[in-house]
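Order of the sequence lines fixes the chain letters, A, B, ..., with proteins taken first and strands second; residue numbering starts at 1 for each chain.
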Amino acid sequence: MSASQSQPLDYELHDPDVRLMLQVRDGNAAAFEELVLRYQGRLLTVLTHLVGSRELAEDLAQEVFLRVFRARERYEPGAKFSTWLFTIANHVASNAQRSRSRRKEVAMPDRVGTDSTPMQLDQIAKAASSLMPARQIDKAETAEMVRLAIESLGERQRMALLLSKFEGMGYQEIAEAMELSVPAVKSLLSRARISLREILIPYMERGSKPPEAQQVPVEEEA
Amino acid sequence: MSEYEPGVDTDNADETLVAYLDGELSADEQVRVERRLADDPAFRARLAQLQRAWDLLDALERTEADDDFARSTVEMVAVKAADDVQAARKRSQMRQAWLYALGGSAVTASLFAGYLLVSRWLDQPNRELVRDLPVIERIDEYRTAESVDFLRELHKEGLFAREVDDGL
């Protein structure tokens, strides 16, 4: 398989953040603060794009750090620190999404699709392309379109994609963080990227060509 | 550009292309993909589109934490940790109280059982006295008899027919 599937590593030796966490386990509060400083941005980036709200992402990031601290006495370095941290983040985010979904079920229909049925792909593309009369694609519009495309993915696809994009994790590492098999991660990422292509490429092409020239089929996700 | 060649196994092809872009294929698989890319324009087009869509994700901004995020996080964790310690202490005290209550109950139950046993044991001589009372009352008469066998003989012959025979 991949190069990331290697022999078990001595994480304490190779990962300075594991060493920091071991200091936290031994009661070093400054080491905990250092870990927060090192990972706050990375965690907030993934969580913000995962849940679509900066405010909620901050709450979740704090919950993640709290769980890290609470787990300090039981901590054993069995993975890179970042992998362990994002495993916790995945749990925290999943719980939050479940709570939000339960609330939304009563209040309004969920606009985020599931893994197997991404919703409104073509609607999202059409809505975004109609925003810009002159079809001049600027960075803000692209970012908005990408954000909408990401939101249309299922939660697990989104997490796998964000870990791959922002954390540069390989399939093995994502599998560990999300507690899935490597083939499952491969499938998730593949479906996520196919969905993104279906949404974003037509949008980019509409941006450079007259609308009537666009007839790009949107494939159903497997 | 976005029209795909009919008959291509698109799902597998896309999964392979994504793994190729992610550098997750074995050396053999990689050679096979590159060979097909060289020969198959539709396959190349799919790869280019996947790569382009992936590159568009660069438009997503990385989130910077506010200046006081780390400080407020550490403070919140410190407060929660103190609460945890307090809660753990309370749980420990509760557990101890339950243990004391349980121990006290066990001691009380043992004492009660002991009392019952002892009181039954102490009652034994009294019960024997009550049982033997008819004999005791007539002990002088019984003493005139020479033996118990002689008395049994008299009993058989109906001498004590109107007597209470508890004493025998």
Novice: Looking at CG of B:Leu21 and OG of A:Ser164, how far apart are the two atoms once the value is rounded to the nearest 0.5 Å?
Specialist: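 Answer rounded to 0.5 Å: 10.5 Å.
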Novice: For chain B, find which of A:Leu196, A:Val68, A:Leu44, A:Thr48 contributes the most heavy-atom pairs closer than 4.5 angstrom.
Specialist: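 The candidate making the most pairs under 4.5 Å is A:Leu44.
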Novice: Determine, stepwise, if the pair A:Val182 / B:Glu24 fulfils side-chain contact (heavy atoms from CB on, under 4.5 Å).
Specialist: CA-CA 10 Å; A:Val182 171; B:Glu24 296 276 350; 5.8 Å; no
Novice: Give a yes or no on whether the backbone of B:Arg62 and the side-chain of A:His49 come within a donor-acceptor separation of less than 3.5 Å.
Specialist: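 A pair under 3.5 Å: no.
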Novice: Begin with the C-alpha distance, continue with both residues' side-chain angles, and end with the deciding distance and a verdict on salt bridge (Lys or Arg N to Asp or Glu O under 4.0 Å) for B:Asp14 and A:Arg191.
Specialist: CA-CA 8 Å; B:Asp14 283 331; A:Arg191 283 185 287 144; over 6 Å; no
Novice: Judged by atom type as modelled, is there a donor-acceptor pair below 3.5 Å linking the side chain of A:Thr45 to the main-chain atoms of B:Thr63?
Specialist: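 Yes, the answer is positive, given that a donor and an acceptor are paired below the 3.5 Å cut-off.
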Novice: To the nearest 0.5 angstrom, please state how far the CG atom of A:Leu162 sits from the CG atom of B:Leu60.
Specialist: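 Spacing of CG (A:Leu162) from CG (B:Leu60) equals 7.5 Å.
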Novice: For B:Ala19 and A:Tyr171, work out which heavy atoms get closest and say how close.
Specialist: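 In this case the closest contact between B:Ala19 and A:Tyr171 is CA-OH, 3.4 Å.
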Novice: Which bit of A:Phe166 comes within less than 4.5 Å of chain B, counting heavy atoms only: side chain, backbone, both or neither?
Specialist: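 Both parts, backbone and side chain.
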Novice: Going through the checks in order, is the salt bridge (Lys or Arg N to Asp or Glu O under 4.0 Å) test met by A:Lys186 and B:Asp22?
Specialist: CA-CA 10 Å; A:Lys186 188 178 179 184; B:Asp22 289 340; over 6 Å; no
Novice: Hey, which of A:Leu47, A:Leu200, A:Val46 has the most heavy atom pairs under 4.5 Å with chain B?
Specialist: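 It is A:Leu200.
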Novice: Do the side chains of B:Asp66 and A:Arg54 get close enough for a salt bridge, i.e. N-O under 4.0 angstrom?
Specialist: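 Between A:Arg54 and B:Asp66 there is a salt bridge, with a charged N closer than 4.0 Å to a carboxylate O.
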Novice: Within the supplied structure, the quantity of interest is the number of heavy atoms (other residues, nucleotides, ligands) at a distance under 6.0 Å from A:Asp26 CG; does it exceed 12?
Specialist: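 More than 12 heavy atoms, drawn from other residues, nucleotides or ligands, come within 6.0 Å of this atom.
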Novice: Considering only heavy atoms and a distance below 4.5 Å, find which of A:Arg193, A:Glu33, A:Glu58, A:Gln40 pairs most often with chain B.
Specialist: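 Heavy-atom pair counts peak at A:Arg193.
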Novice: Tell me the residues of residues 72-91 of chain B whose non-hydrogen atoms fall below 4.5 Å from those of chain A, in number order.
Specialist: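 Heavy-atom contacts from residues 72-91 of chain B to chain A are B:Ser72, B:Thr73, B:Val74, B:Met76, B:Val77, B:Lys80, B:Ala81, B:Asp84.
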Novice: State, to 0.1 Å, how close B:Ala59 and A:Val146 come at their nearest heavy-atom pair, and which atoms those are.
Specialist: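 That would be CB-CG2, 4.5 Å.
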Novice: Let me know if A:Leu43 has heavy atoms under 4.5 Å from chain B in its side chain, its backbone, both or neither.
Specialist: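 Contact with chain B: none, neither part.
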Novice: So A:Arg197 and B:Trp54, side-chain contact (heavy atoms from CB on, under 4.5 Å) or not? Walk me through it.
Specialist: CA-CA 8 Å; A:Arg197 180 186 63 193; B:Trp54 181 247; over 6 Å; no
Novice: Return the minimal non-hydrogen interatomic distance between A:Lys165 and B:Asp58, and the atom names on each side.
Specialist: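 Answer, listing the atom of A:Lys165 first, then B:Asp58: NZ-OD1, 2.8 Å.
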